[in-house]
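Heavy-atom basis, side chains included; hydrogens, waters and symmetry copies ignored. For this chain, numbers begin at 1 and follow the sequence in order.
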Amino acid sequence: MTHASSHRPLSLDLASESRRVKGFTSTRWRIVDLTPGDGGPWVLTLQLYLTERAAYRFNLDAGTPRLFVRCGESSGEPRPSAITASQDVAASWLDGEQQVLEVAMPLALRARLEAYLARHGEAPDEGRQKKRKGAGRAREQTA
């Protein structure tokens, strides 16, 4: 079951700028507008997942928390298709040769993310304890 508080529609707009370096022209895309609601040219839903709590905390504790937008094939014109506050998810998109744009996280979303972590708790430690003593180990044979 998902809570309405874990879903947030966001509108964004993109702009391109051309750069000329050593005789070559390249186009760089960036997010120029990000607002709550569904009134923009691109509307994506920011969905929060319990499994990403450690990544959310890492992002919030960074100097400038970011949101990451998957925009399709890295070689094509951007077509935003997903948004996340998890750098781990964004890294997996990049590994899949997807174009990822990032933007500073608005203060209202930072507060919402902090509230989500407060409500659901911080992520458990990575060093999870075993269910029973010796679980996951080969049994020792006594001679």
Side-chain angles (χ1 to χ4, degrees), residues 1-21 24-142:
M1 181 168 112
T2 57
H3 297 293
S5 62
S6 68
H7 294 75
R8 179 79 175 177
L10 298 171
S11 296
L12 59 110
D13 197 4
L14 305 176
S16 66
E17 60 184 41
S18 293
R19 288 190 167 158
R20 192 166 175 84
V21 179
F24 293 97
T25 301
S26 67
T27 302
R28 181 176 175 261
W29 289 89
R30 61 189 175 91
I31 298 168
V32 292
D33 188 32
L34 177 76
T35 55
D38 57 5
W42 296 98
V43 178
L44 301 173
T45 299
L46 176 63
Q47 184 171 351
L48 303 177
Y49 296 94
L50 291 174
T51 55
E52 294 297 323
R53 288 175 294 169
Y56 300 150
R57 172 54 59 206
F58 181 79
N59 192 358
L60 285 170
D61 290 346
T64 306
R66 317 292 288 169
L67 291 173
F68 306 93
V69 177
R70 181 179 63 199
C71 292
E73 301 273 326
S74 57
S75 59
E77 185 171 317
R79 301 192 59 74
S81 60
I83 189 167
T84 185
S86 168
Q87 291 168 306
D88 296 346
V89 171
S92 72
W93 292 341
L94 287 169
D95 289 345
E97 298 187 11
Q98 295 290 304
Q99 185 175 182
V100 176
L101 301 178
E102 60 181 72
V103 64
M105 187 183 303
L107 193 55
L109 283 177
R110 288 187 208 179
R112 191 176 201 90
L113 195 50
E114 285 285 1
Y116 179 84
L117 292 175
R119 185 170 45 258
H120 296 290
E122 297 292 326
D125 289 337
E126 290 300 314
R128 295 183 184 131
Q129 295 189 357
K130 296 176 184 167
K131 293 178 186 170
R132 58 181 164 45
K133 187 176 180 178
R137 294 185 184 173
R139 291 187 179 177
E140 292 181 19
Q141 300 293 326
T142 56

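Contact of the Trp93 side chain with the Thr84 side chain is registered, since non-hydrogen atoms from C-beta on lie closer than 4.5 Å. Side chains of Val21 and Ser26 form no contact here, defined as non-hydrogen atoms less than 4.5 Å apart. Under the 4.5 Å side-chain criterion, counting only non-hydrogen atoms from C-beta, Leu12 is not in contact with Leu67. With contacts defined as side-chain heavy-atom distances shorter than 4.5 Å, the pair Val69/Leu14 does not qualify.
In this structure, the separation between CD1 on Ile31 and CG on Leu10 is 10.0 Å, given to the nearest 0.5 Å. Rounding to the nearest 0.5 Å places CZ of Phe68 at 8.0 Å from OG of Ser86. Atom CG of residue Leu34 and atom CG of residue Leu101 lie 12.0 Å apart, to the nearest 0.5 angstrom.
In this structure, the side chain of Arg110 engages the main chain of Met105 through a donor-acceptor pair within 3.5 Å. Formation of a donor-acceptor pair under 3.5 Å by the Thr27 side chain with backbone atoms of Ser16 is not found in this model. Under the 3.5 Å distance criterion, the side-chain polar atoms of Arg19 are left unmatched by any main-chain donor or acceptor of Arg28. Checked by atom type and distance alone, the side chain of Arg53 pairs as donor or acceptor with a backbone atom of His120 at under 3.5 Å. Formation of a donor-acceptor pair under 3.5 Å by the Asp13 side chain with backbone atoms of Asp33 is not found in this model.
Taking the side-chain hydrogen bond (donor to acceptor under 3.5 Å, both in side chains) definition, one finds that Ser81 meets it with Arg70, sequence neighbours left out. Every residue meeting the salt bridge (Lys or Arg N to Asp or Glu O under 4.0 Å) condition with Arg57, not counting sequence neighbours, appears here in chain and number order: Asp61, Glu114, Glu122. Qualifying side-chain hydrogen bond (donor to acceptor under 3.5 Å, both in side chains) partners for Glu102, counting only residues two or more places apart in sequence or in other chains: Arg66.
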> Which is it for Tyr116 and Leu50 under the side chain to side chain contact (heavy atoms under 4.5 Å, CB included) test, yes or no, and what are the steps along the way?
Replying inline: CA-CA 9 Å; Tyr116 179 84; Leu50 291 174; 3.5 Å; yes
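Environment of CD in Glu17: crowded, with over 12 heavy atoms of neighbouring residues, nucleotides or ligands closer than 6.0 Å.
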